[in-house]
Asker: 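My structure is below; once you've seen it, I'll send some questions.
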Amino acid sequence: MTHAVIAGLADVRAELIELYKDLHQHPELSLQETRTAALLAQRLRDGGFDEVTEKVGMTGVVGVLRNGAGPVVMLRADFDALPVEEDTGLPYASRARAVDREGVEVPVMHACGHDMHAACLIGAATLLAGARERWSGTLLVVFQPAEELAVGARGMIDDGLFERFPQPEIVLGQHVGPLPAGFIGYGTGPVMAASDSLAVTLHGRGAHGSRPEASIDPVLMAANVVTRLQGIVAREVPPSESAVVTVGRLHAGTKDNIIPDKAELSINIRSYTPQVRDLVRAAIERIVRAESAASGATSPPDLDWFGSTPPLVSEPDATQATVAAFAEHFGQQQVMTMPQVNASEDVGVFGEELQVPTVFWFWGGLEAESTVTAFLEGRMDDLPSNHSPSFAPVIEPTLSTGVEALTIAAMTWLGAPE
Ligand code: ZN
Ligand code: ZN
């Protein structure tokens with residue numbers, strides 16, 4: 001039955017490839033995705049959806065296809081791009097530029113492959129709309145903006161996603177990545193990390209560079225904080241658990257012979273369990289306050305947590321059922337388990353909000369033969385991956401695999417025809 005739905009792909013493949021190239025050449029930064037959103041909404045209508053709503057959570061797009069009694073199944077794709085200058089050399093490479101939220105002009109590129117996610121979801125939605133006699137229930141298609149800022153899912157929910165549209169019983173999504181094209185990778189349980197960010201301002205006392213005795217040096221304070229933070233993962237997190245603490249920004253001073261009066265740090269942490277997350281957060285706060293006190297600072301540091309994303313949990317039973325359908329369609333040898341990914345994704349926010357399962361998988365976008373060779377030779381780190389200026393999926397078989405995977409996953413959870 002699923003095969004008959006997929007058969008429609010041959011008729012729309014060429015159009016989807018054109019759509020993908022168009023999206024790739026016209027990337028838009030998070031929450032500026034207006035052209036992309038309008039294009040996706042139009043393609044949903046063309047594909048047979050009569051209920052299409054734009055501007056849900058700023059630039060989100062929602063399509064609803066009601067097809068009799070049965071489960072409500074949500075398919076989700078993100079569609080924002082990144083401030084990266086494309087260096088793929090592809091004929092359809094992006095040369096786009098945009099002004100970011102700080103007012104700075106930046107290059108823009110679909111360096112995370114969200115253009116492929118969006119094109120594949122249009123493909124799956126079109127196939128399912130064209131084969132309504134083969135399933136029953138309601139299909140909820142969600143194009144989510146601003147995944148790279150980890151605010152898009154929350155923004156759509158806060159704008160009434162689950163009050164204005166049918167509530168799904170399951171959320172299905174996928175991410176393209178540095179696996180061989182044609183392959184699906186999956187995990188069960190926490191598959192991507194929770195992410196939390198912290199802005200710290202350390203207060204010292206400024207002075208002439210020749211008079212350290214008159215200063216409370218925030219540069220030395222910051223250096224000690226950075227070094228001391230490394231002990232959290234090394235000495236406090238149990239070796240059987242995993243966490244990352246990264247200081248991604250460190251700023252102090254203007255000139256060599258001036259001791260500044262403050263230093264600023266931006267810290268990002270990744271974790272998989274609430275216990276480890278709480279432990280790491282508490283340890284960072286303790287260390288920052290203690291180093292400040294140890295340096296004799298007269299005012300305590302400012303700590304401001306922001307940008308929090310929960311871990312992405314792919315519900316084990318639902319994932320196994322979906323993956324079994326993938327193995328039947330693609331062949332067992334095309335489906336493999338994957339280790340946890342330390343990156344984060346906000347797709348889990350939807351299922352968490354409704355307390356329904358999320359199933360999330362990865363699929364390959366790299367030319368298969370050279371990727372397998374690199375894997376066998378232990379050179380996977382040499383291959384371009386998400387967020388790199390040289391990362392762009394090979395269009396086929398990546399596009400077809402992504403469309404088929406979404407369609408098969410949806411068919412696994414939609415009802416049998418009435
Ligand atoms: Zn990304
Ligand atoms: Zn991404």
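As the structure lists them, so they are numbered: ligands from 1, and atoms in each ligand from 1. What's counted below: heavy atoms across the whole structure, side chains too, no hydrogens, waters or symmetry copies. Given the structure is predicted, the values throughout are model-derived calculations rather than measurements.
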Asker: Atom CD of residue position Gln42 - does it have more than 12 heavy atoms of other residues, nucleotides or ligands inside 6.0 Å?
Answerer: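 Yes, the 6.0 Å shell around CD holds more than 12 heavy atoms from other groups.
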Asker: List the residues meeting salt bridge (Lys or Arg N to Asp or Glu O under 4.0 Å) with Asp302, not counting sequence neighbours, and say none if there are none.
Answerer: none
Asker: By atom name, which N, O or S atom belonging to His387 lies closest to the Zn ion (ligand 1)?
Answerer: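 Looking only at N, O and S atoms of His387, the one nearest the Zn ion (ligand 1) is named NE2.
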Asker: Quick check on side-chain contact (heavy atoms from CB on, under 4.5 Å): which of Val5, Leu127, Leu406, Val73 does Met411 satisfy it with?
Answerer: Val5
Asker: Can you tell me if Gln174 uses its side chain to pair, donor with acceptor, with the backbone of Gly402 under 3.5 Å?
Answerer: yes
Asker: Strictly distance-based, threshold 3.5 Å: is any side-chain N or O of Glu33 a donor or acceptor partner for the main-chain N or O of Ala146?
Answerer: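 Flag set: sc Glu33 to bb Ala146 pair under 3.5 Å.
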Asker: At a cut-off of 2.8 Å, what protein N/O/S atoms sit near the Zn ion (ligand 2)?
Answerer: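 Short answer, with waters excluded from the count: Cys112 SG, His114 NE2, His175 NE2.
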Asker: Looking at Met58, I want to see if its CE is surrounded by more than 12 non-hydrogen atoms of other residues, nucleotides or ligands under 6.0 Å.
Answerer: no
